[in-house]
A.B. asks: 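Take this structure first; my questions come after.
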Amino acid sequence: MSRYLDMIDGPEHVKKLTLPQLQELAGEIRTELIEGLAKAGGHLGPNLGVVELTVALHRVFNTPKDNFVWDVSHQVYVHKLLTGRKNRFRTIRQTDGLNGFALRSESPHDSFGAGHAGTALSAALGMAAARDKLGTDENIVCIFGDAALTNGISFEAINNLSCTTKRFIGILNDNEWSIAKNVGAISSYLNRLITHPSYNKLAKDFEAFVRRFPKGELALRLAHKAEEGLKGAINDVGMRPKNEFALGGDGKGGYGSPVFFEEMGIRYLGPIDGHNLPLLISTLEFAKQCDHPIVIHILTQKGKGFEAALKFPEKFHGLGPYDAKTGDTPTVKTGTAPNYQDVMGQTMVKLCQRNNFIVGITAAMPSGTGMKHLEKAMPNRYIDVGIAEEHAVIFAAGMATKGFHPVVAIYSTFLQRSYDCIHHDVCLQDLPVIFCMDRSGLSANDGPTHHGLFDISYLRCLPNVIAMAPANEDELADMMFTATHQNHPVFIRYPRGTAEGVPIKDQPALIEIGKAVVVRNFSNQSGRKVALFGLGPMNTIARQAAAQLQADGYDCAVINPRFTKPLDAGTHEFYGRAADVVVTLEDHVLAGGYGSSVLELFSEKSVATQVVRIGWPDQFIEHASTQDELRRKYGLSVENTVAKVKAVFGDVRVVTEKLAATSA
Ligand SMILES: Cc1ncc(C[n+]2csc(CCOP(=O)(O)OP(=O)(O)O)c2C)c(N)n1
């Protein structure tokens, strides 16, 4: 039997369906999400939660004229299905396939790209301000999650909202989850709001009210009700302390509070059932005519329609392949090397057991960073600050002033947001905060929003910084341990995923700051001398390239630089002078990266040896199914390293053959 989904080539077709047909469409979309993502994985849970919302949005509004701005935009899969991309849907997050996030270059229906949290309200408000200045009449709809509200930028936008525009539609998609359970006072506030008996009654009354009136009349009446009835009830809601005399007992200083959004000059409607399609459609119809900024608070279930995802919302937020019937994921084979993330978390436990002044801080990423190991083993030494990277960094700086050694684990790409905090609050005051920069390097299927390719450049220009990159998991543990003995800011960059599989010592060891390790020295017997400096995971490529070059008659040394700051000037200069060619390899952009720092050193020391730099070019790197594919495509490979070295010596025959083989 054909599906309604098959008939939908664009939002105009959504508008042609009747309500029962739309409801059927919602069911088909759920099945497509569950079955379509099973092979390669993706953000299943969040998308199952916004099926009705997205159908209702496309029923009421007209993209691309109207603009939807999605926070993070990991929940745009349904939007992609309804905006002409359904035939490519099963390619999502794979090589040459659809991107997993909203992408302006992918579709005119994606009005704003994202991947980082907390940006949607600002972007949408900017669009609304531009629209008002241009005198056009499109609707701007911003969809943001309850966890996005823990992010500072969201609040900066809310502060700026009612004085900027009169026409703005916000949808607060509240499912009580970030990736992990949402944390903090805002989350408790929303929870109190939705569980309060007055609100529950209000929500029921509201639904009954919507059902009573035909569409045209409804919008008018809703406007009136929002102005009078709801507001009155809202003010009545017991956000005040239960006992008037128990000032402060509610955590709000005892003053009680009407709805936060109303206080900010934004009309608030809700909370409403985010899976009730007719209710969503009617409410959005009303919002469309509203001459005042409005936020509609909808309640949704992450993973709705798939039992496993409902049961394990954190796991199903985003995952790899799974069984479409049971939700089971492939078991990890015994003997497989651990993930860097797990090594980081387990090392944190060891370090905290030895030293009472170490604490672990995460910005809403306990599983992703591996900090969950500390949460489980020593919950009082673990702090989740919510999606608040700037706050996490300054908070850590504050703790460091009192003698603590905070370890902040943040993905390299999300740490970019905290750059000023790193500069102004940590480095300038030379505070001993330790940064575990997870996913430094590629995050292949997430794509450009998540690749961590810029941190060496943005850190090595800052005074007081110690910056390292382990070549394997044992070295990661040693570096973390060493970091806890420093009185300066320390940054450790390591990649996503599986480590090298080397044994990890029971107890980590101290390593010498600013000292590289010679992995293999010149044989000094014959052949052109090639010194390969492979940073972090690129050391493996350096070793493999050295083996090939050696077999072809070259004399190779391999060095693990360990530090990008302070750079081991002695070792670099020594090999710079001894070698006929130096190769630097880094999983980072070439612009301002590790190889650049070697060139700077050689210029200072007048070392004239040619330097071949292997790293990422000056462009944003797309997403792909695997890291290896992208590395091969952009030349971060053994073949290209060998070919480039040979090209230096004019060994053209071999170079051409190798390159032909690579591109075949
Ligand atoms: C700056 C930043 N920090 C962390 C993340 C990782 N992250 C992606 S989605 C997400 C949770 C979002 O929760 P919410 O906004 O409530 O949306 P939901 O997934 O629940 O629909 C987090 C922490 C990110 N994308 N950006």
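Indexing begins at 1, ligand by ligand and atom by atom, following the structure's order. Computed from a predicted structure; not experimentally measured.
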A.B. asks: Show your working on salt bridge (Lys or Arg N to Asp or Glu O under 4.0 Å) between Glu32 and Lys86 and close with a plain yes or no.
C.D. replies: CA-CA 10 Å; Glu32 179 62 21; Lys86 70 168 189 294; over 6 Å; no

A.B. asks: Does the N or O separation between Ala363 and ligand 1 drop below 3.5 Å for any pair?
C.D. replies: no

A.B. asks: Any nitrogen or oxygen of His450, side chain or backbone, less than 3.5 Å from one on ligand 1?
C.D. replies: no

A.B. asks: At a non-hydrogen distance cut-off of under 4.0 Å, which region of Ile387 contacts ligand 1 (side chain, backbone, both, or neither)?
C.D. replies: side chain

A.B. asks: Can you list the atoms of ligand 1 that are under 4.0 Å from a heavy atom of Ser178?
C.D. replies: 11 (C), 13 (O), 20 (O), 23 (C)

A.B. asks: Look at atom 26 (N) of ligand 1 and find which of Ala388, Gly45, Ala117 reaches it with the closest heavy atom.
C.D. replies: Ala117

A.B. asks: Would Asp446 and Phe101 satisfy side chain to side chain contact (heavy atoms under 4.5 Å, CB included), going step by step from the backbone distance to the final call?
C.D. replies: CA-CA 8 Å; Asp446 285 321; Phe101 298 94; 4.1 Å; yes

A.B. asks: Does ligand 1 come near enough to Asn151 that some N or O of the ligand is less than 3.5 Å from an N or O of the residue?
C.D. replies: no

A.B. asks: Give me the nearest non-hydrogen protein atom to atom 3 (N) of ligand 1 as residue plus atom name, then the distance to 0.1 Å.
C.D. replies: Glu389 OE2, 2.6 Å

A.B. asks: For Lys302, which of Gln75, His317, Glu176 qualifies under side-chain hydrogen bond (donor to acceptor under 3.5 Å, both in side chains)?
C.D. replies: His317

A.B. asks: In ligand 1, which numbered atoms sit nearer than 4.0 Å to a non-hydrogen atom of Asn175?
C.D. replies: 18 (P), 20 (O), 21 (O)

A.B. asks: Gly145 heavy atoms, cut-off 4.0 Å: which ligand 1 atoms fall inside?
C.D. replies: 14 (P), 15 (O), 16 (O)

A.B. asks: So is there a nitrogen or oxygen of Met365 less than 3.5 Å from a nitrogen or oxygen in ligand 1?
C.D. replies: no

A.B. asks: For residues Thr498 and Asn339, report the shortest heavy-atom separation together with the two atoms involved.
C.D. replies: N-OD1, 3.3 Å

A.B. asks: Quick one, Glu106 with Lys80, criterion salt bridge (Lys or Arg N to Asp or Glu O under 4.0 Å). Give me CA distance, side-chain angles, the key distance, then yes/no.
C.D. replies: CA-CA 10 Å; Glu106 192 178 279; Lys80 292 198 185 207; 2.8 Å; yes

A.B. asks: State whether the side chain of Ser418 and the backbone N or O of Glu389 hold a donor-acceptor pair below 3.5 Å, judged by distance alone.
C.D. replies: yes

A.B. asks: Return yes when Gly368 approaches ligand 1 closer than 4.0 angstrom through a heavy atom, no otherwise.
C.D. replies: no

A.B. asks: Is there a polar contact between ligand 1 and Phe414, counting only N or O atoms under 3.5 Å apart?
C.D. replies: no

A.B. asks: Is His74 close to ligand 1, meaning an N/O of one under 3.5 Å from an N/O of the other?
C.D. replies: yes

A.B. asks: Under 3.5 Å, N or O to N or O, is Ile179 touching ligand 1 that way?
C.D. replies: no

A.B. asks: Nearest protein heavy atom to atom 13 (O) of ligand 1, by residue and atom, and its distance?
C.D. replies: Ala147 CB, 3.3 Å

A.B. asks: Considering only NZ, NE, NH1 and NH2 on the basic side and carboxylate oxygens on the acidic side, decide whether Asp110 and Arg104 come within less than 4.0 Å.
C.D. replies: no

A.B. asks: Restricting to side chain to side chain donor-acceptor pair (under 3.5 Å), what partner residues turn up for His623, sequence neighbours left out?
C.D. replies: Asn99

A.B. asks: State the atoms of ligand 1, each with its element, that fall below the 4.0 Å cut-off from a heavy-atom position in Gly115.
C.D. replies: 24 (C), 25 (N)

A.B. asks: I need the atoms of ligand 1 closer than 4.0 Å to a non-hydrogen atom of His317, numbered in the order shown.
C.D. replies: 9 (S), 19 (O)

A.B. asks: Have a look at ligand 1 and work out which part of Arg417, if any, has a heavy atom under 4.0 Å from it: side chain, backbone, both or neither.
C.D. replies: side chain

A.B. asks: Should the heavy atoms of other residues, nucleotides or ligands under 6.0 Å from NZ of Lys39 be counted, would the total exceed 12?
C.D. replies: no

A.B. asks: Before accepting this row, confirm whether a basic side-chain N of the pair Arg30/Glu52 lies closer than 4.0 Å to the acidic partner's carboxylate O.
C.D. replies: yes

A.B. asks: Within the structure provided, determine whether Asn182 and Trp177 are in side-chain contact (heavy-atom separation under 4.5 Å).
C.D. replies: no

A.B. asks: Is the gap between the ring centers of His450 and Tyr411 under 6.0 Å?
C.D. replies: no

A.B. asks: Does Lys302 reach ligand 1 with a nitrogen or oxygen that is under 3.5 Å from one of the ligand's nitrogen or oxygen atoms?
C.D. replies: yes

A.B. asks: Just to confirm my output: which protein heavy-atom neighbour is closest to atom 15 (O) of ligand 1, and how far is it?
C.D. replies: Ala148 N, 3.2 Å

A.B. asks: Can you tell me if Asp146 contacts ligand 1 (heavy atom of the residue under 4.0 Å from the ligand)?
C.D. replies: yes

A.B. asks: Can a non-hydrogen atom of Gln75 be found less than 4.0 Å from any atom of ligand 1?
C.D. replies: no

A.B. asks: Just so I know, are the side chains of His58 and His79 near enough to count as touching, which here means a heavy-atom distance under 4.5 Å?
C.D. replies: yes

